[in-house]
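For clarity, every value in this text was computed on a predicted model and none was experimentally measured. These values consider heavy atoms only, across backbone and side chains, with no hydrogens, waters or symmetry-generated copies.
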Amino acid sequence: RDDDAVEIIAALDAPKTASELSEECDIPLSTTYRKLELLTDADLLQESTEIRRDGQHTTRYDVAFDSVTVELDESNALSIEFSRPERATDERLAALWSQVREET
């Protein structure tokens, strides 16, 4: 169990920056960035980029699932299923922008 990751997910009642999460969860910023990367790579968090007029861009993180179902079948095979929310157009555009930013 990764207590820092659990705490980060619990703190995301709204999209937040890495700095906000680091402060709220009392986790060092370097550790927070590492956990955010792991959670985003696992598709448990989604990244969005806020583009500001002053040229500064802010990355915010939000939970990318509504629920998690873990099942163990009769042959002891474990399955995990995530229920994901329907994303609005602006969220899909922000996700696309984040992908373009990563690839360039």
Quick test of your reading: applying salt bridge (charged side-chain N to carboxylate O under 4.0 Å, His left out), list the pairs with at least one residue in residues 35-44, sequence neighbours left out, ordered by first then second residue.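 Every salt bridge (charged side-chain N to carboxylate O under 4.0 Å, His left out) pair that includes a residue of residues 35-44, provided the two are not neighbours, is D2-K35.
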Sequence neighbours excluded, which residues qualify as side chain to side chain contact (heavy atoms under 4.5 Å, CB included) partners of [X]?
X: D54; value: R52, Q56
X: D3; value: R1
X: A14; value: none

Rounded to the nearest 0.5 Å, what's the gap from OG1 on T40 to OH on Y61? Could you check?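 T40 atom OG1 to Y61 atom OH measures 5.5 Å (nearest 0.5 Å).
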Side chains of [X] and [Y] in contact at under 4.5 Å (non-hydrogen atoms):
X: L78; Y: V70; answer: yes
X: L39; Y: I9; answer: yes
X: L44; Y: V63; answer: no
X: T58; Y: T49; answer: no
X: R60; Y: E20; answer: yes
X: L45; Y: E47; answer: no

With sequence neighbours left out, write down each residue that passes side chain to side chain donor-acceptor pair (under 3.5 Å) with [X], or none if nothing qualifies.
X: D13; value: K16
X: D26; value: none
X: S79; value: none

Could you tell me which non-hydrogen atom of I8 sits nearest to which non-hydrogen atom of I27, and how far apart they are?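 Minimum heavy-atom contact is CG1-CD1, 4.1 Å.
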Any idea which heavy atoms bring D62 and L12 closest together, and the distance?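 Between these two residues, the closest heavy atoms are OD1-O, 4.1 Å.
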Pairing residues for E7 by the salt bridge (Lys or Arg N to Asp or Glu O under 4.0 Å) criterion, not counting sequence neighbours: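 Partners of E7 by the salt bridge (Lys or Arg N to Asp or Glu O under 4.0 Å) criterion come out as none, since no residue qualifies.
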Mind running side chain to side chain contact (heavy atoms under 4.5 Å, CB included) on T69 and E71 for me, showing each step along the way? CA-CA 7 Å; T69 304; E71 291 183 343; 4.0 Å; yes
Which ILVMFWY residues are connected to Y33, directly or by a chain of links, through side-chain heavy atoms under 4.5 Å apart?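 Its cluster mates, by chain and number, are L29.
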So which residues get pulled into V6's cluster when ILVMFWY side chains under 4.5 Å apart are joined, directly or through others?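 Same cluster as V6: nobody, lone residue.
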Quick check against the 3.5 Å criterion: does S22 have a side-chain atom that pairs as donor or acceptor with the backbone of A18?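 Answer holds: no.
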